[in-house]
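Only a predicted model underlies this, so the values are computations on that prediction, with no experimental measurement involved. Below, chain A is the first sequence line, B the second, and so on; all start at residue 1.
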Number of protein chains: 2
Amino acid sequence: MRPLAHPALDDITLTGILHALSDETRVAIFVGIAGSAYSQRCAAFTTVSEKTVPKSTLSQHFKALREAGLIRSERQGVEMLNTSRCAEVETRFPGLIPAIIGAYLAKAKQR
Amino acid sequence: MRPLAHPALDDITLTGILHALSDETRVAIFVGIAGSAYSQRCAAFTTVSEKTVPKSTLSQHFKALREAGLIRSERQGVEMLNTSRCAEVETRFPGLIPAIIGAYLAKAKQR
DNA sequence: TCAATAGTTCTAGAGTTCCGAACTATCAAA
DNA sequence: TTTGATAGTTCGGAACTCTAGAACTATTGA
């Protein structure tokens, strides 16, 4: 297993963020992490929006979020703890993440 | 040639928008259209960010933006006139498009 | 009718994504 | 110190998507 890759703040791109969040499952995971006061284990998202996500797929989704610069993952014993990088991203793209989370939550509420 | 498909406002999705704008060329085209007071022809974007875009690719990009609900395209004689649907999208996802355009322009300015 | 211009569609190759199977890493109990 | 359990990663093939050249359609003006 290679060490986990987290891009530097300057290497985070707008299109990278939009691509990472352009997937229903991934945006749901990200909102879940960003909205929690605590770090979240990957396994906390084995079901997302009432759908079961296979663990290999889940691992790929976390990798995508990590490489886009949206989350930071650290191994803690047998599990991975994931936290959002919202505060950092906010300094680079002010207002972007709140707008996306807001749009996600507003849509979720509608149904 | 089939008639052009424009989704109804209610059928516009967050992930659809993020996917459409997760491509460097497409986000540049969209910001160009959204930032202009006038309708833009497709051919106005044969070069985007100093890169030549083949016309079949350009046509696909416009289709993607159209199907995401971000632009409206109307044939005017021999050409297509494209306008943004920002105002409509704003009513569905308030603040989202301005945040993305803002992030795009801020990043462009940096270099 | 013909030619020119603007976009679209077709299609093949390149690249990406999904997910089951096999793997690795960590820890705790025997 | 093996063994087992749990958590996550990597591999590989099938399905899907994207790019761009070639051929096509639509409109207009000569």
Side-chain angles (χ1 to χ4, degrees), chain A residues 1-6 13 15-30 32-33 38-68 70-83, chain B residues 1-6 13 15-30 32-33 38-68 70-83:
Chain A
M1 251 178 231
R2 350 191 152 121
L4 296 172
H6 291 97
T13 64
T15 49
I17 290 173
L18 299 185
H19 177 251
L21 298 179
S22 71
D23 176 279
E24 285 293 347
T25 306
R26 257 175 346 237
V27 70
I29 292 171
F30 177 68
I33 294 172
Y38 309 100
S39 301
Q40 296 288 308
R41 317 175 319 135
C42 295
F45 299 93
T46 42
T47 73
V48 171
S49 323
E50 284 143 49
K51 285 188 70 181
T52 301
V53 185
K55 73 184 208 165
S56 59
T57 305
L58 198 58
S59 179
Q60 294 297 308
H61 284 325
F62 273 90
K63 187 182 181 195
L65 290 171
R66 199 157 52 228
E67 294 186 346
L70 288 165
I71 62 170
R72 193 172 288 283
S73 312
E74 280 176 288
R75 184 173 267 281
Q76 200 83 60
V78 79
E79 56 201 19
M80 284 303 268
L81 292 185
N82 302 281
T83 48
Chain B
M1 256 181 231
R2 353 191 151 122
L4 295 174
H6 290 98
T13 64
T15 49
I17 289 174
L18 299 185
H19 178 251
L21 298 180
S22 69
D23 177 279
E24 284 293 348
T25 306
R26 259 176 341 239
V27 70
I29 292 171
F30 177 68
I33 293 172
Y38 308 100
S39 302
Q40 296 287 309
R41 318 176 318 137
C42 295
F45 299 92
T46 43
T47 73
V48 172
S49 321
E50 284 142 47
K51 285 187 69 182
T52 301
V53 184
K55 74 184 206 164
S56 61
T57 304
L58 199 58
S59 179
Q60 292 300 309
H61 284 324
F62 273 90
K63 187 183 182 195
L65 291 171
R66 198 156 54 226
E67 294 186 347
L70 288 165
I71 63 170
R72 194 174 285 285
S73 312
E74 281 176 288
R75 184 173 267 282
Q76 200 82 60
V78 81
E79 58 200 22
M80 282 305 263
L81 292 185
N82 302 281
T83 48

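Residues satisfying the side chain to side chain donor-acceptor pair (under 3.5 Å) test with E67(A), not counting sequence neighbours, are none. Checked against salt bridge (charged side-chain N to carboxylate O under 4.0 Å, His left out), R66(B) has no partners two or more places apart in sequence or in another chain. Contacts of T57(A) classified as side chain to side chain contact (heavy atoms under 4.5 Å, CB included), with partners at least two apart in sequence or in another chain: V53(A), P54(A), H61(A). In terms of the side chain to side chain contact (heavy atoms under 4.5 Å, CB included) criterion, S56(B) has no residue partners (sequence neighbours excluded). Remark: T13(B) pairs with T15(B) by the side chain to side chain contact (heavy atoms under 4.5 Å, CB included) rule, at least two apart or across chains. Residues passing the side chain to side chain contact (heavy atoms under 4.5 Å, CB included) test with A28(B) are V48(B), S49(B), Y104(B), sequence neighbours excluded.
When the P atom of dC19(C) is taken as reference, atom CD of Q60(A) falls 11 Å away, rounded to whole Å. Following rounding to the nearest Å, M80(A) (CE) and dT26(C) (P) show an atom-to-atom distance of 11 Å. The nearest whole Å value for the distance from the NZ atom in K63(B) to the P atom in dA20(D) is 17 Å. With rounding to whole Å, E67(A) atom CD is found 13 Å from dT9(D) atom C1'. One can place CG of N82(A) at 12 Å from C1' of dA7(D), the figure rounded to the nearest angstrom. Atom CZ of F62(B) is separated from atom C1' of dC18(D) by 17 Å (rounded to the nearest Å). Computed from coordinates, the R66(B) CZ to dG7(C) P distance equals 11 Å when rounded to whole Å. Rounded to an integer number of Å, the gap from L81(B) CG to dT27(D) P is 14 Å.
Put simply, R75(A) has no side-chain N or O that comes within less than 4.0 Å of OP1 or OP2 on dT6(D). Regarding contacts with the backbone of dA7(D), a side-chain N or O of R41(A) is found under 4.0 angstrom from either OP1 or OP2.
By the 4.5 Å heavy-atom criterion applied to side chains, H6(A) and S73(A) are counted as neighbours. Considering only heavy atoms from C-beta on, I33(A) comes within 4.5 Å of F62(A) through its side chain. Side-chain contact between L70(A) and R26(A): absent, with no pair of heavy atoms (C-beta onward) separated by less than 4.5 Å.
Every pair passing salt bridge (Lys or Arg N to Asp or Glu O under 4.0 Å) that includes a residue from residues 39-49 of chain A is listed here, sequence neighbours excluded: R41(A)-E79(A). Applying the salt bridge (Lys or Arg N to Asp or Glu O under 4.0 Å) test to every pair with at least one member in residues 43-57 of chain A, sequence neighbours left out, gives no pairs at all.
An end-to-end axis angle of 10° holds for the helix from dT1(C)-dA30(D) to dA30(C)-dT1(D), taken from five base pairs per end and rounded to 10°.
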Within the sub-3.5 Å range, which N or O atoms of nucleotides 12-17 of chain C have a protein N or O partner, and how far apart are they?
unit_1  : atom_1 : unit_2 : atom_2 : d
dT17(C) : OP1    : H19(A) : NE2    : 3.2

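For V78(A), taking side-chain heavy atoms from C-beta onward, the closest of the listed nucleotides dG8(D), dA7(D), dT8(C) is dA7(D).
Residues from residues 48-59 of chain A placing a heavy atom under 4.0 Å of any atom in DNA chain C, listed by number, are P54(A), S56(A), T57(A).
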